[in-house]
Amino acid sequence: MSDKLKTWGILAGIIILFIFIALNISTDIEAQKKACNEKCHKIIHVSAAEAAGSAAALSQFPGADNVALALLIGKMVIDLSNVYDIPLSGTAIEIGKSILKQYAFIITARFASQWLIGWIPFLGNGTNAATMSALVEYIGWDVAENFERQKFKDT
């Protein structure tokens, strides 16, 4: 009787150990996700602020800020990939252009607003800065979510 009791005690101990390990791994993954999210938050907001500044400065010249937009988005995507340890190939401008192709409709709408009122002093500067900042924020969080799914896909 005591051998059976010892066996059940050992099995119960092993089960409790596996449960503890599983809970600990889950907590560790959540901590990693939170740390990555905080880093992404900084990267995306700084990129959006840079985009707004360049858009406001260049708004009297419709289309002039598109190169800056591609570079900023390319740099942001590279920085986000580094947060999640996902390797990318290509330069910032190549990555930025490929990302911008994926969001062609949104960029077309932004470009239309830039042509309509972007050239008007002050009103155009503000509108151009706001739309460019919102575009960079949207793309940044979309890319970050995709990278997070790639990194934590097995969890």
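These numbers come from a predicted model, not from an experiment.
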Would you mind reporting whether [Y] and [X] have side-chain heavy atoms less than 4.5 Å apart?
X	Y	result
Leu69	Leu135	yes
Val136	Ile73	yes
Leu80	Met76	yes

Sorted by chain and residue number, the side chain to side chain contact (heavy atoms under 4.5 Å, CB included) partners of Glu148 (sequence neighbours excluded) come out as Lys33, Tyr84, Phe152
Can a donor-acceptor pair be found between the side chains of Trp141 and Glu137 at a distance below 3.5 Å?
yes
Any donor-acceptor N/O pair, Asn125 side chain to Phe122 backbone, under 3.5 Å:
yes
Between Ser47 and Ile43 (side chain of the first, backbone of the second, donor and acceptor by atom type, cut-off under 3.5 Å), is there such a pair?
yes
How far does CD1 of Ile86 sit from CD1 of Ile78, to the nearest 0.5 angstrom?
13.5 Å
At what distance, to the nearest 0.5 angstrom, does NE2 of His41 lie from SG of Cys36?
14.5 Å
Specify the closest pair of heavy atoms between Ala52 and Ala129, including all atoms of both residues, with the distance to one decimal.
O-CB, 3.4 Å
Run Leu88 and Asn82 through side-chain contact (heavy atoms from CB on, under 4.5 Å) and show every step you take.
CA-CA 9 Å; Leu88 295 177; Asn82 290 335; over 6 Å; no
Residue set satisfying side chain to side chain donor-acceptor pair (under 3.5 Å) with Asn37, at least two apart, ordered chain then number -> none
Partners passing side chain to side chain donor-acceptor pair (under 3.5 Å) against Glu50 (at least two apart in sequence or in another chain)
none
With hydrophobic residues grouped by side-chain heavy-atom distances under 4.5 Å, do Val46 and Leu72 end up in a single group?
no
